Chemist: 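The following block contains the structure, expressed as structure tokens.
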Amino acid sequence: MRKIITFILFIAVVFSGYAQFEDLYSYKHLEKRYRYRVYLKDKKNSPYSTKRPEEFLSRRAIERRQRYGIKVDKFDLPVSPNYLQVLRDAGLHIHNASKWQNTVVVETADTTLMQAVRKMAFVDGVVRVWVGPDSMLVMDKSDRRTKVKNTRDKMPSYYGTARFQVEMLNAHMLHDAGFRGEGMLIGILDGGFNNADAITGFKKENILGVRNYVDPSVDVYSESSHGMMVLSCIGANTPYNLVGTAPEAQFYLIQTEDGNSEQLVEEDNYCAGLEYADSLGCDVVTASLGYYKFDYPEMNHPYSALDGQTAINSRSASMAASRGILLLNSAGNEGDETWKKIGFPADARDILAVGAVRMDSTNTAFSSLGYSADGRVKPDAMAMGEDAAVFSTRGTTTTANGTSFSCPILCGAVTCLWQAHRDKTPLQIIDAVHRAGSYADAPNEVFGYGIPDLWKAHQLLQKK
């Protein structure tokens, strides 16, 4: 995802002046470090067993599998802790790991150590995924929460400024029927949730936990505002001001996006974050993230890789439904750029990749196009992504553009749909969303199956 931090810093310089900018930010020099993805051959010498899933999955995650008749299998088993210890003993720091892909990301300042890693009997390959900076900006340490105003402008509609994005999907009809997300758990993968802990428009008890896969030492509430705005599309709950599409759902906020660079490691972070959401028992996961072009050209993906099975995060995304998770991912904002196509992992199988339309239901110029490289319909669905109503970091309402916001808007609505039909599998929910789309009879590379009428999807599921 192209970095919005660049724009933010540009604005800071223009409006504050260079000298004042220097007062707010300073540079910290760092030791040059590198991260490598290590592919493991197997999961041997592991103490874990599929017969004891409670050792690596929460009770809720196990119950979700049982609800849909899904067996705990080898993919659920954690990466062999013995292999991780061998890598640590070799002088490497473990950044994260993916049990579904059986990979581990290691970090080191001494790249010569990787020669020995490549020769280890349990290693199947090594790829460099991150080159660390030699310096970084250190932010002002003043209390960010003092800037939060939490002012509330009253609107005629119960949904406030979010009225059109909610009603476009007929999500309000699900709400009126009693389905507002209660009992549903949503994992949000994003780049930071600045001030979400200080904005009164979110119910604090509905945010169950946070985790940072970019840098565990950094508070996710102090990072980018992007994830907070995504959360507001779903979980905002200030009647006549801003109400999201699943205002009674519960959330885990998981940072996987690094705002300081664009490198392959973020796809590894995505895999780790998705697996973490699975282990917690999340029913639905939404990610307003996508990749194809990186800071180092050798990391870039070609069009031909848009098959749902090549990029590591696309492979993990394609597995989500088989674990009982409904995954939604933004299609991307490259429709008017050179790339034009969806990003990775919007190409994944068995997910909902979400494009963006305007308030009048026409497609936005920026919404990324399909199809997948192997000819599948992408995007899967559309929702409002231009002038979408969100919270600002000050706790006031504002608007934002991007499939980053159409995706969570649809996520909340689909969560309410699934709340009404807990016996249905993720694939059955996806199929209902497809069939309820405005382009269901003629899906295409611009709209996919179109804007779904989720009350119609509800009725379709009732007939099954």
Side-chain angles (χ1 to χ4, degrees), residues 1-3 35-39 75 79 94-105 107 127 129-130 186-193 210-216 218 220 223-224 226-227 230 252-280 282 284-295 299-301 305-323 325-333 342-354 368 403-404 407-408 411:
M1 188 177 73
R2 287 294 101 192
K3 307 303 177 194
R35 291 174 187 159
Y36 295 84
R37 180 189 305 153
V38 180
Y39 293 88
F75 292 105
V79 169
I94 305 300
H95 178 63
N96 61 42
S98 168
K99 58 185 178 181
W100 293 355
Q101 302 304 322
N102 203 25
T103 57
V104 56
V105 175
E107 181 177 322
V127 175
V129 293
W130 181 78
I186 301 173
I188 300 180
L189 307 186
D190 213 281
F193 302 86
V210 302
R211 185 152 180 174
N212 192 337
Y213 278 96
V214 177
D215 184 347
V218 174
V220 302
E223 292 283 90
S224 161
H226 189 268
V230 165
Y252 275 95
L253 311 181
I254 305 168
Q255 183 171 346
T256 66
E257 167 77 7
D258 184 353
N260 295 314
S261 67
E262 191 86 336
Q263 301 193 51
L264 268 177
V265 72
E266 291 167 276
E267 296 188 353
D268 296 273
N269 297 344
Y270 186 108
C271 295
L274 179 56
E275 291 171 21
Y276 179 59
D278 167 47
S279 71
L280 294 168
C282 289
V284 181
V285 173
T286 185
S288 293
L289 303 170
Y291 307 94
Y292 72 94
K293 185 178 181 181
F294 299 96
D295 296 341
M299 297 182 182
N300 291 352
H301 294 305
L306 284 169
D307 59 4
Q309 297 296 328
T310 298
I312 193 169
N313 58 340
S314 297
R315 293 201 302 271
S316 284
S318 295
M319 288 183 63
S322 71
R323 312 294 104 180
I325 298 171
L326 179 57
L327 174 63
L328 295 90
N329 203 98
S330 58
N333 302 324
I342 56 172
F344 302 83
D347 65 319
R349 303 162 190 266
D350 301 333
I351 72 166
L352 289 171
V354 187
S368 288
T403 60
S404 285
C407 183
C411 168

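Predicted model only: the values in this text are computed from it and were never measured.
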Chemist: With rounding to the nearest 0.5 angstrom, report the CG to CG distance, Asp258 to Asn212.
Modeler: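 Here the rounded value is 9.0 Å.
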Chemist: At their closest point, which heavy atom of Val265 faces which heavy atom of His95, and how far apart are they?
Modeler: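 Between these two residues, the closest heavy atoms are CG2-CD2, 4.0 Å.
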Chemist: Do any N or O atoms from the side chain of Asn329 and from the backbone of Leu289 form a donor-acceptor pair under 3.5 angstrom?
Modeler: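 Yes; judged by distance alone, with no hydrogens or angles, the pair exists.
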Chemist: Might you point out which heavy atoms bring Ser318 and Gly308 nearest each other, and give the distance in Å?
Modeler: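 It is OG-O, 2.9 Å.
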Chemist: Any idea which heavy atoms bring Tyr291 and Asn313 closest together, and the distance?
Modeler: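 Scanning both residues, the minimum pair turns out to be CD1-ND2, 3.8 Å.
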Chemist: Measuring from Ile325:CD1 to Leu274:CG, what's the distance to the nearest 0.5 Å?
Modeler: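 One gets 5.5 Å once the value is rounded to the nearest 0.5 Å.
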Chemist: Could you list the residues that satisfy side-chain hydrogen bond (donor to acceptor under 3.5 Å, both in side chains) with Asn96, not counting sequence neighbours?
Modeler: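 Partners of Asn96 under the side-chain hydrogen bond (donor to acceptor under 3.5 Å, both in side chains) test: Asn269.
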Chemist: Do Ile186 and Cys411 have side chains that get closer than 4.5 Å, going by heavy atoms?
Modeler: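 The answer is yes, as the side chains (C-beta and beyond) meet within the 4.5 Å cut-off.
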Chemist: Using modelled atom types only, decide if a donor and an acceptor are shared between the side chain of Glu267 and the backbone of Ala311 within a distance under 3.5 Å.
Modeler: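 No, the answer is negative, given that no donor and acceptor are paired below the 3.5 Å cut-off.
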Chemist: Would you indicate whether the side-chain heavy atoms of Val127 and Tyr39 approach each other to under 4.5 Å?
Modeler: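 Yes, side chains in contact.
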Chemist: Taking all non-hydrogen atoms of both residues, which atom of Gly187 and which atom of Cys282 are closest, and how far apart?
Modeler: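 Residues Gly187 and Cys282, closest heavy atoms: N-SG, 3.7 Å.
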Chemist: Does any non-hydrogen side-chain atom of Met319 lie less than 4.5 Å from one of Gln101?
Modeler: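 A side-chain contact exists here, since the closest heavy-atom pair is under 4.5 Å.
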Chemist: Atom NE2 in His301, atom CG in Asp347: separation rounded to 0.5 Å?
Modeler: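 CG of Asp347 is found 8.5 Å from NE2 of His301.
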Chemist: Got a second to check how far Phe75's CZ is from Trp100's CH2, nearest 0.5 Å?
Modeler: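 Here the rounded value is 10.5 Å.
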Chemist: Does some side-chain heavy atom of Val210 sit less than 4.5 Å from a side-chain heavy atom of Phe193?
Modeler: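 The answer is no; the side chains never approach within 4.5 Å.
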Chemist: Drop me the distance from Tyr213's OH to Cys271's SG, to the nearest 0.5 angstrom.
Modeler: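 Nearest 0.5 Å value for the OH-SG distance: 11.5 Å.
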Chemist: What residues form a side-chain contact (heavy atoms from CB on, under 4.5 Å) with Val79, not counting sequence neighbours?
Modeler: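 Leu40, Leu84, Ala97, Asn102.
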Chemist: To check you understand the geometry: which heavy-atom pair defines the closest contact between His226 and Ser404, and what is its length?
Modeler: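 Looking at all heavy atoms of both residues, the closest pair is NE2-OG, 2.9 Å.
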Chemist: Between Gln255 (side chain) and Asp190 (backbone), is there a donor-acceptor pair under 3.5 Å?
Modeler: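 Absent.
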Chemist: Give a yes or no answer on whether the side chain of Ser224 reaches the backbone of Gly192 with a donor-acceptor pair at less than 3.5 Å.
Modeler: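 Judged by distance alone, no pair lies under 3.5 Å.
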Chemist: Which distance, rounded to the nearest 0.5 Å, do you find between the CH2 of Trp130 and the CG of Leu264?
Modeler: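 Going from CH2 on Trp130 over to CG on Leu264, the span is 13.5 Å.
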Chemist: Measure from the side-chain N and O atoms of Arg211 to the backbone N and O of Leu253, and report whether any donor-acceptor pair falls under 3.5 Å.
Modeler: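 Looks like no, no N/O pair under 3.5 Å.
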Chemist: Identify whether the distance between the nearest side-chain nitrogen and carboxylate oxygen of Asp268 and Arg37 falls below 4.0 Å.
Modeler: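 So Asp268 pairs with Arg37 through a salt bridge.
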Chemist: So, Glu266 side chain and Gln263 main chain: donor-acceptor pair closer than 3.5 Å or not?
Modeler: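 Answer holds: yes.
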Chemist: If the condition is side-chain contact (heavy atoms from CB on, under 4.5 Å), which residues does Ser330 pass it with, not counting sequence neighbours?
Modeler: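 With neighbours one apart ignored, the set is Ser288, Thr403, Cys407.
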Chemist: If you look at every heavy atom in Glu107 and Arg35, which pair is closest and at what distance?
Modeler: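 What the structure gives for the nearest pair is OE1-NE, 2.8 Å.
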